[in-house]
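Read the structure below first, then the notes.
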Amino acid sequence: MTSKERALDLLPEYKMDYKRRGTVLIFNQKRFFWQLNLKERRGTATDKKNLTERFQQLGFNVEAYDDLKKNDMMGILRKAAKADHRDADCFVCVFLSHGEDGHLFAYDDKVDIKEITALFRGDQCESLVGKPKIFIFQACRGDITDNAVAGMALEETPSEVEEDAASIYTLPAGADFLMCYCVADGFAAFRHITLGSFYIQDLCETLQQQSSTLEFTELLTLVNLKVSRRAYGNKKQMPCFNSMLTKKLYFRPKKE
């Protein structure tokens, strides 16, 4: 056993046997107010559908919303932060949108990611203290020209894939937060117009296959590997995550 393996063995696991698995909020932004000059995000409905199915299979209560305005989005987030999570294992929030410079876009305006995560810090959301708070961002800039890429898999043609430039940046949040980003700064992000984004495709596949056996940050590392192998010409997508978890996290099936 290596020293790293011994160190991991010393880590306790998060308590995941509360009455409920918890809530997943999915904010799916396909269309945007015309003055924002953001492209429609074709394929995002597939991402929402696949994420909903995967998280429901893990026992979560999933609430999905489409094309919300900023005030409506923040209202739902504030309500979730004030909810009673004492009987839940954890909390998950997913954003499928465009983004830039530490912000993501609602239908009519951009939202500061730090403003979102601040709602779930211990002094604001006491019932999630010591519990995992997972934020997943499929959010890249949408103000660039679509770029067709060569070398697609057989079922994909260049006209079916759109490219966005990464500009979300990784942001710290606080203890027991896990921030998952579809792409690291400096890499491209790809979204198939019918199959959905590459990152969400691989995340959902890996959740389906490995969620009950792999520790969650190891599962995310496997997702990174899968996505990084989707290279087209000299362009690569490289996801990343910032873990502020203090324990190991497993999504083993709940006992009846």
Side-chain angles (χ1 to χ4, degrees), residues 20-33 36 38-85 88-99 103-111 113 115-117 119-120 125 128 131-140 142 162 164 168 177-182 189 191-208 211 216 219-220 223 239 241 251 254:
R20 297 187 296 122
R21 180 69 84 196
T23 298
V24 176
L25 298 181
I26 299 177
F27 295 99
N28 177 47
Q29 305 295 132
K30 180 179 181 179
R31 298 180 180 87
F32 302 88
F33 185 54
L36 295 178
L38 295 169
K39 294 182 182 295
E40 181 176 304
R41 301 182 60 257
R42 296 181 294 175
T44 190
T46 303
D47 286 344
K48 182 186 79 167
K49 175 178 178 291
N50 290 338
L51 285 164
T52 299
E53 290 175 354
R54 293 290 85 76
F55 280 113
Q56 285 177 340
Q57 287 176 350
L58 291 176
F60 283 96
N61 174 51
V62 178
E63 301 175 15
Y65 302 92
D66 295 318
D67 297 338
L68 291 184
K69 294 182 178 180
K70 178 179 178 178
N71 286 343
D72 295 329
M73 178 184 289
M74 292 305 299
I76 290 169
L77 287 163
R78 291 189 185 98
K79 181 179 178 181
K82 292 177 181 178
D84 188 350
H85 301 273
D89 295 338
C90 61
F91 173 78
V92 180
C93 194
V94 184
F95 296 92
L96 309 172
S97 186
H98 290 307
H103 295 74
L104 54 89
F105 282 93
Y107 174 78
D108 61 338
D109 200 358
K110 61 184 180 181
V111 185
I113 293 174
E115 182 181 351
I116 293 170
T117 56
L119 296 172
F120 297 90
C125 184
L128 281 175
K131 297 182 178 183
K133 294 164 278 285
I134 303 168
F135 288 80
I136 300 171
F137 299 94
Q138 173 62 45
C140 303
E162 300 175 350
D164 295 329
I168 271 286
F177 278 80
L178 179 60
M179 311 288 283
C180 311
Y181 299 90
C182 69
R191 174 170 29 85
H192 192 283
I193 63 175
T194 56
L195 300 178
S197 62
F198 292 179
Y199 176 64
I200 299 299
Q201 285 183 50
D202 288 337
L203 174 62
C204 288
E205 178 187 76
T206 310
L207 282 172
Q208 185 174 29
S211 61
F216 195 65
L219 184 148
L220 292 174
V223 173
F241 60 89
F251 287 104
K254 280 192 171 292

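The first residue of the sequence shown is numbered 1, and numbering continues consecutively from there.
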> What's the verdict on side-chain contact (heavy atoms from CB on, under 4.5 Å) for Leu203 and Leu220, showing C-alpha distance, side-chain angles and the deciding distance?
Replying inline: CA-CA 8 Å; Leu203 174 62; Leu220 292 174; 4.1 Å; yes
For the atom pair [atom1] ([X]) and [atom2] ([Y]), what is the distance rounded to the nearest 0.5 Å?
X: Arg41; Y: Ser197; atom1: CZ; atom2: OG; answer: 7.0 Å
X: Arg31; Y: Leu36; atom1: CZ; atom2: CG; answer: 15.0 Å
X: His85; Y: Arg20; atom1: NE2; atom2: CZ; answer: 7.5 Å
X: Ile76; Y: Phe27; atom1: CD1; atom2: CZ; answer: 5.0 Å
X: Thr44; Y: Asn28; atom1: OG1; atom2: CG; answer: 3.5 Å
X: Ile26; Y: Tyr65; atom1: CD1; atom2: OH; answer: 10.5 Å

Show the nearest heavy-atom pair for residues [X] and [Y], with the distance to one decimal.
X: Ala139; Y: Cys182; value: N-SG, 3.8 Å
X: Lys48; Y: Ala64; value: CD-CB, 3.9 Å
X: Ala80; Y: Leu25; value: CB-CD1, 3.8 Å
X: Val92; Y: Phe55; value: CG1-CZ, 4.0 Å
X: Gly22; Y: Ala88; value: CA-CB, 3.8 Å
X: Tyr199; Y: Gln138; value: CB-OE1, 3.5 Å

Is a side-chain donor or acceptor of [X] paired with a backbone partner of [Y] at a separation under 3.5 angstrom?
X: Lys30; Y: Ala45; result: no
X: Thr46; Y: Thr194; result: yes
X: Asp202; Y: Val223; result: no

> How are the rings of Phe120 and Phe91 set to each other: parallel, tilted or perpendicular (split at 30° and 60°)?
Replying inline: parallel
> What class does the angle between the rings of Phe95 and Phe137 fall in, given that below 30° is parallel, 30 to 60° is tilted and above 60° is perpendicular?
Replying inline: parallel
>> Could you walk me through whether Gln29 and His98 satisfy the side-chain contact (heavy atoms from CB on, under 4.5 Å) test, starting with their C-alpha distance in whole Å, then the side-chain angles of each, then the deciding distance to 0.1 Å, before giving a yes or no?
In response: CA-CA 8 Å; Gln29 305 295 132; His98 290 307; over 6 Å; no
> Any salt bridge between Asp47 and Arg191, counting N to O under 4.0 Å?
Replying inline: no
> So, is the end of the Lys133 side chain (NZ or CZ) under 6.0 Å from the ring centre of Phe177 and within 45° of the ring's axis?
Replying inline: yes
> Has Lys70 got more than 12 heavy atoms of other residues, nucleotides or ligands less than 6.0 Å from its NZ?
Replying inline: yes
> Between Leu104 and Ile116, is a side-chain contact (heavy atoms from CB on, under 4.5 Å) present by the stated rule, with each step listed?
Replying inline: CA-CA 10 Å; Leu104 54 89; Ile116 293 170; 4.2 Å; yes
>> I'd like to know whether the aromatic ring centres of Phe60 and Phe251 sit less than 6.0 Å apart in this structure.
In response: yes
> So, do Leu51 and Leu96 sit near enough that their side-chain heavy atoms are less than 4.5 Å apart?
Replying inline: yes
